[in-house]
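For this chain, numbers begin at 1 and follow the sequence in order. Everything numeric in this text was worked out from a predicted model, so none of it was measured.
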Amino acid sequence: MTTGFFRLTLAALVALFAIYVAEPYLLRLFFAEAEPRAVAVRGDLGGMEINAVEVFAQASPSVVHVFGRAEGAGMLGPGSGGLQSGSGFLWDEAGHVVTNNHVIAGAQEVSVRLADGEIVEASVVGRAPNVDIAVLRLSRPTRIPPPLPIGASAELVVGQWTYAIGNPFGLDQTLTTGVVSALQRTLPTGRGREIADVIQTDAAINPGNSGGPLLDSAARVIGVNTAIFSPSGASAGIGFAVPIDVVNEVVPQLIRDGTVPTPGIGVVVGEDAISRRLGIDGVVVLRVVRGSPAEEAGLVGIDMRDGTVGDIILAVNGERVETFADLTRALGDVEVGDDVRLLVLRDGEPREVVVATQDVSARL
């Protein structure tokens with residue numbers, strides 16, 4: 001009985017081993033799909049998918065690729081030195097294109113590639129570096145795409161869907177989606193100023209998206225994508241856009257006059273970190289520009305001989321000022337040539353100083 005059991009067990013093991021060895025061949029013989037497979041029937045697209053498809057279909061024809069060429073660089077040649085690029089979108093039926101100022105900064109020539117592939121020369125109509133906006137005009141395109149409708153950034157709420165269309169890393173007509181992550185952020189422009197009330201979004205914004213539109217679910221422009229916050233330079237889920245309410249105020253002035261008057265008083269102020277380090281709730285005046293309204297009004301900067309702090313701006317026209325963004329916002333509420341009442345702290349004593357404003361846009 002033991003011998004019979006052993007033989008039976010051995011036969012079973014041999015059979016199992018044979019099946020194991022033959023399994024790949026059996027699978028290929030009976031289950032391999034040697035002909036094209038039938039297409040599985042899918043259901044309808046989801047609501048958010050449909051909305052994303054519709055937003056892209058409506059807006060993408062009016063989103064363009066902007067190229068700037070520094071002197072001595074080939075406009076679209078591979079590996080051209082001095083070539084910079086970004087995104088933009090059609091503003092009106094006259095062929096004006098809105099983009100970021102930093103996209104074309106320093107460029108001697110500017111070209112635009114439309115969504116249909118046509119490359120058109122463009123001229124710079126005006127720049128507003130203090131809000132990083134520039135306006136271009138297309139030169140005799142075959143067809144001018146329709147301008148994008150605009151929304152109102154003042155109506156935005158955190159959590160609503162956003163869509164960014166642009167040319168990240170040179171990849172034309174790229175759509176990314178996300179939400180409004182935060183509102184009323186401030187963003188330095190690199191020109192000694194800050195853009196107030198900036199929109200923060202987690203829609204992927206990468207190099208090349210700059211100047212492209214940030215859209216809402218109705219395919220309306222709610223902002224102009226301008227920057228990302230990332231140590232690596234790639235999207236980390238924190239992108240920023242200039243609010244459309246600011247853009248809608250600035251762009252018509254650029255089209256009309258080529259510039260946007262920027263009220264200033266002629267002072268160079270310290271970074272907010274300096275004030276915090278000194279325990280000061282205000283804006284420290286570092287230097288007063290010679291011949292400026294601030295000098296005429298008697299404002300005092302830091303004494304460079306011994307480092308003594310001069311004036312600290314505490315308020316503008318009764319509005320409390322604690323940061324540079326506060327000061328920029330307060331001065332932005334007045335017209336060039338208007339007088340402003342400054343509350344300053346000098347030698348530990350508060351005093352009021354009346355200063356006229358002047359246009360400082362040429363210095364930005």
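- In plain terms, the two heavy atoms of Gln58 and Ala219 that are nearest each other are OE1-CB, 3.5 Å.
- For the atom pair Arg42 CZ and Asp44 CG, the distance stands at 7.5 Å (nearest 0.5 Å).
- Taking Arg256 as the reference, nothing meets the side chain to side chain donor-acceptor pair (under 3.5 Å) condition, with sequence neighbours excluded.
- No donor-acceptor pair closer than 3.5 Å links the side chain of Gln160 to the backbone N or O of Ser217.
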Could you go through Ile165 and Phe89, starting from their C-alpha distance and side-chain angles, then the distance that decides it, and tell me whether this counts as side-chain contact (heavy atoms from CB on, under 4.5 Å)?
CA-CA 10 Å; Ile165 303 178; Phe89 60 94; over 6 Å; no
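- Here Ser153 contributes atom OG and Asp245 contributes atom CG; the two are 3.0 Å apart, rounded to the nearest 0.5 Å.
- Put simply, the side chain of Ser139 never gets that close to the backbone of Glu121: no donor and acceptor are under 3.5 Å apart.
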Which is it for Leu138 and Leu90 under the side-chain contact (heavy atoms from CB on, under 4.5 Å) test, yes or no, and what are the steps along the way?
CA-CA 10 Å; Leu138 301 178; Leu90 268 294; 4.3 Å; yes
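- No donor-acceptor pair under 3.5 Å is formed between the side chain of Asn225 and the backbone N or O of Ala241.
- Of the inter-residue distances, the one linking Glu155 atom CD with Arg220 atom CZ reads 6.0 Å to the nearest 0.5 angstrom.
- Looking only at distances, a side-chain donor or acceptor of Gln84 sits under 3.5 Å from a matching main-chain atom of Val103.
- Checking side-chain atoms of Ser85 against main-chain N and O of Gly208 turns up no donor-acceptor pair under 3.5 Å.
- Other members of the hydrophobic cluster containing Ile222, listed by chain and number, are Leu156, Val158, Val180, Leu183, Ile199, Leu214; membership follows side-chain contacts under 4.5 Å among ILVMFWY residues, whether direct or relayed.
- Linking ILVMFWY side-chain heavy atoms closer than 4.5 Å, directly or via other members, places Val336 and Val316 in two distinct hydrophobic clusters.
- Side-chain N or O atoms of Thr201 include none that pairs as donor or acceptor with a backbone N or O of Ser181 at under 3.5 Å.
- A distance-only check finds a donor-acceptor pair linking the side chain of Thr176 to the backbone of Ala204 [under 3.5 Å].
- Counting non-hydrogen atoms of other residues, nucleotides and ligands closer than 6.0 Å to CD of Glu49 gives a total above 12.
- Side chain of Asn209 to main chain of Asn206: a donor-acceptor pair is present (N/O by atom type, distance under 3.5 Å, no hydrogens or angles).
- Linking ILVMFWY side-chain heavy atoms closer than 4.5 Å, directly or via other members, places Leu175 and Leu45 in two distinct hydrophobic clusters.
- Residues Ser87 and Asn167 have side chains that bring a donor and an acceptor to within less than 3.5 angstrom of each other.
- Pairing each heavy atom of Ala330 with each of Glu319, the nearest pair is CB-OE1, 4.0 Å.
- Between Trp91 and Ile255 the shortest side-chain heavy-atom distance falls below 4.5 Å.
- Cluster membership for Leu345 and Val300, using ILVMFWY side-chain heavy atoms within less than 4.5 angstrom, is not shared.
- Remark: Gln184 pairs with no residue by the side chain to side chain donor-acceptor pair (under 3.5 Å) rule, at least two apart or across chains.
- Between Asp197 and Pro243, the shortest heavy-atom contact is O-CG, 3.3 Å.
- One distance of note links CG of Leu314 with CG of Leu327; it measures 11.5 Å at 0.5 Å rounding.
- Contact annotation: the side chain of Tyr163 approaches that of Asn51 to within less than 4.5 Å [non-hydrogen atoms, C-beta and beyond].
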Evaluate Val221 against Leu215 for side-chain contact (heavy atoms from CB on, under 4.5 Å), listing each step before the verdict.
CA-CA 5 Å; Val221 182; Leu215 307 155; 3.8 Å; yes
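- Counting heavy atoms from C-beta outward, Phe17 and Leu13 have side chains that stay 4.5 Å or more apart.
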Atom pairs and distances, side-chain donor-acceptor, residues 144-152, under 3.5 Å, sequence neighbours left out:
none

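- Leu136 contributes atom CG, which lies 9.5 Å from atom NE2 of His96 (distance to the nearest 0.5 angstrom).
- For the pair Asn100 (side chain) and His102 (backbone), a donor-acceptor distance under 3.5 Å is absent.
- For the salt bridge (charged side-chain N to carboxylate O under 4.0 Å, His left out) test, residues two or more places apart in sequence or in another chain that qualify with Arg341 are Glu352.
- The side chain to side chain donor-acceptor pair (under 3.5 Å) check on Arg287 picks up nothing, with sequence neighbours excluded.
- In this structure, the side chains of Thr142 and Leu114 stay at 4.5 Å or more apart for every pair of heavy atoms.
- Atom CG of Asp116 is surrounded by more than 12 heavy atoms from other residues, nucleotides or ligands within 6.0 Å.
- Shortest non-hydrogen contact noted between Thr357 and Pro263 is CB-CB, 4.3 Å.
- Nearest heavy atoms, Ile205 versus Gly239: CD1-CA, 4.1 Å.
- Side-chain atoms of Asn101 never come within 3.5 Å of backbone atoms of Ala134 as a donor-acceptor pair (strictly under, hydrogens ignored).
- Of all non-hydrogen atoms in Arg137 and Ala94, the two that sit nearest each other are CG-O, 4.5 Å.
- No more than 12 heavy atoms of other residues, nucleotides or ligands shown are found within 6.0 angstrom of CD on Glu249.
- Taking hydrophobic clusters as Ile, Leu, Val, Met, Phe, Trp and Tyr residues chained together by side-chain heavy-atom distances below 4.5 Å, Val179 shares a cluster with Met48.
- Within 6.0 Å of CD in Gln253 there are more than 12 heavy atoms belonging to other residues, nucleotides or ligands.
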Go through it in stages, so that I can follow the logic: the residues are Val344 and Arg351, the test is side-chain contact (heavy atoms from CB on, under 4.5 Å), and I'd like the CA-CA distance, side-chain angles, deciding distance and then a yes or no.
CA-CA 5 Å; Val344 302; Arg351 64 181 65 193; 3.5 Å; yes
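- To the nearest 0.5 Å, atoms CG (Asp338) and CG (Asn317) are separated by 9.0 Å.
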